[in-house]
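Heads up, the thing below is written out as structure tokens.
Below, chain A is the first sequence line, B the second, and so on; all start at residue 1.
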Number of protein chains: 2
Amino acid sequence: MTTQSLIKPEPEAGSSTADAILNYIRGAIADGSLNDGEPIRQDEVARRFNVSKIPVREALKRLEAEGFVAFIPNRGVVVRAVSDPEIAQIFETRAILESNAIGFSVPMMTAESLARASACCAAFDEAGDVAQWSALNWQFHSSLYLDAQRPYLVELIRTINVRLERYLRIQLTLSVGKGIANEEHHAILDACRAGDAGLASRLTYDHIMGANKSLHRFLPGARF
Amino acid sequence: MTTQSLIKPEPEAGSSTADAILNYIRGAIADGSLNDGEPIRQDEVARRFNVSKIPVREALKRLEAEGFVAFIPNRGVVVRAVSDPEIAQIFETRAILESNAIGFSVPMMTAESLARASACCAAFDEAGDVAQWSALNWQFHSSLYLDAQRPYLVELIRTINVRLERYLRIQLTLSVGKGIANEEHHAILDACRAGDAGLASRLTYDHIMGANKSLHRFLPGARF
DNA sequence: ATGTCAGGACTCGTATACGATTCCTATAAT
DNA sequence: ATTATAGGAATCGTATACGAGTCCTGACAT
């Protein structure tokens with residue numbers, strides 16, 4: 001864990017101590033402060049937060065279940081490397097799930113839903129830094145799935161997106177990344193307005209798989 | 001936690017203490033020993049396994065991430081109730097993911113793959129108790145997805161199936177449950193043999209959604 | 001008799017402590 | 001000079017201990 005990544009060990013929003021640490025480490029992995037394979041020293045994190053190791057370990061156990069880290073017996077915890085093929089599969093899974101979700105959603109959409117989604121889309125367009133893009137990108141996508149009235153499905157999609165956040169940020173940072181994303185968002189929104197569930201579904205699938213392709217054209221070169 | 005459910009607190013397969021407890025509690029929830037909403041007393045579990053609370057809490061933290069239990073602040077851990085609509089959504093998500101997985105898989109299947117799947121299918125047909133049915137049912141399904149060469153997707157499907165295991169067991173216990181499942185398994189297998197990915201995909205979707213429907217015709221009456 | 005409040009028992013959440021295992025380093029032998 | 005080995009430092013995994021908060025019970029007032 002680099003020093004840079006832990007400038008601000010404030011309690012944040014989490015209610016319990018373990019929750020705060022959980023969010024913090026997850027954030028550090030998402031924004032690239034913690035690199036793949038890097039060990040996470042329990043005592044070090046504990047000292048930084050002025051707590052014992054116990055809440056740290058509990059946070060790490062949750063992160064293990066979420067796939068972000070791995071406990072190596074008697075060796076400690078490391079950030080779990082996500083291989084390029086695995087990233088591709090996760091994007092593909094997103095495409096499958098999100099295209100279905102929007103397909104369910106479109107027939108149920110109301111004027112308010114469309115207005116909310118449109119607002120998210122506009123905010124995404126004007127956002128400044130990559131952290132905002134990432135957050136607003138999710139807000140836009142998820143707002144399109146809400147009318148499907150399938151909270152379990154949306155929550156699963158959210159979990160998968162969290163796991164990908166780090167790579168989404170890289171993709172959005174690419175020169176063409178954000179511009180294309182925004183165009184495609186508008187196209188999806190138009191399909192929703194037109195009530196064309198099949199088209200919205202297909203555009204969503206292609207939108208996600210397109211991000212996947214553009215990321216992989218870049219990845220072999222450099223990792224952040 | 002009932003006494004019945006904890007007859008055999010052996011270390012099982014898990015390497016670390018926490019892993020053993022994790023598998024044990026997860027199993028107790030899967031087989032219905034632990035009912036929805038039932039509190040899990042940390043000290044009680046710790047005493048039963050002759051360990052302290054710490055590994056128990058770590059196991060529970062993983063189960064929390066997997067959705068099996070919820071930590072209520074200063075109140076303890078309870079088995080998380082899965083509502084009927086949520087069960088329906090989980091089945092639907094399975095149908096989406098597994099129909100896609102088999103669609104990817106069929107074009108890549110070899111004679112050996114088909115033989116393995118066929119063997120699972122036969123074993124399922126002849127299995128005796130519900131725990132075996134459940135295990136062999138998963139072996140059959142997963143064997144059909146392996147050739148898709150998408151380990152992430154298969155692992156996600158497995159996770160979702162584990163979450164549903166308890167309700168799958170109920171469904172298979174229903175008078176018609178196992179027989180219909182077996183017929184449908186054979187039909188899916190035939191489609192794979194014929195190399196008809198679209199048909200296999202559709203049959204898989206219907207197979208899972210059919211189990212969903214038959215379970216829900218039953219559920220409002222009695223929970224195990 | 002019923003509602004309210006105080007006191008105790010219980011459970012949780014976390015700090016501290018300690019043995020076990022692993023990793024690093026310095027020394028010695030070939 | 002290079003390799004093997006022994007000893008120490010560091011880290012992990014878990015037991016024990018304790019304060020904080022919650023729930024239950026029983027006495028008291030109305």
Query raised in the report: Would A:Tyr167 and A:Phe91 count as a ring-ring contact (aromatic ring centres under 6.0 Å, His included) if you check the C-alpha gap in whole Å, the side-chain angles of each, and the deciding distance to 0.1 Å?
Result: CA-CA 10 Å; A:Tyr167 305 98; A:Phe91 268 104; 8.3 Å; no
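- At whole-Å resolution of the value, CZ in A:Arg41 and P in D:dG13 are 11 Å apart.
- In this structure, the CD1 atom of A:Ile40 is 21 Å from the P atom of D:dA10, given to the nearest Å.
- Running 5' to 3' along DNA chain C, contacts with non-hydrogen atoms of chain A at under 4.0 Å begin and end at C:dT14 to C:dC23.
- Of all non-hydrogen atoms in A:Leu34 and A:Arg166, the two that sit nearest each other are O-NH1, 3.1 Å.
- Between A:Arg169 and A:Glu165, at least one side-chain nitrogen of the basic residue sits less than 4.0 Å from a carboxylate oxygen of the acidic one, meeting the salt-bridge criterion.
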List every contact pair, protein side and nucleotides 23-25 of chain D side both N or O, where the distance is under 3.5 Å.
unit_1	atom_1	unit_2	atom_2	d
D:dC23	OP1	B:Arg75	NE	2.8
D:dC23	OP1	B:Arg75	NH1	2.8

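- Between A:Asp31 and A:Arg26 no salt bridge is recorded (no basic side-chain N to carboxylate O distance below 4.0 Å).
- The residues A:Arg116 and A:Glu112 are annotated as not salt-bridged, no charged nitrogen and carboxylate oxygen being separated by less than 4.0 angstrom.
- When each of A:Glu38, A:Glu86, A:Glu66, A:Glu64 is checked for a salt bridge (Lys or Arg N to Asp or Glu O under 4.0 Å) with A:Arg80, only A:Glu86 meets the rule.
- Ion pair A:Arg158/A:Glu155 flagged as a salt bridge, since at least one NZ, NE, NH1 or NH2 atom sits closer than 4.0 Å to an Asp/Glu carboxylate oxygen.
- Between A:His207 and A:His185, the two ring planes are perpendicular [angle over 60°; tilted spans 30° to 60°].
- Counting non-hydrogen atoms under 4.0 angstrom, A:Val51 reaches the backbone sugars and phosphates but no base.
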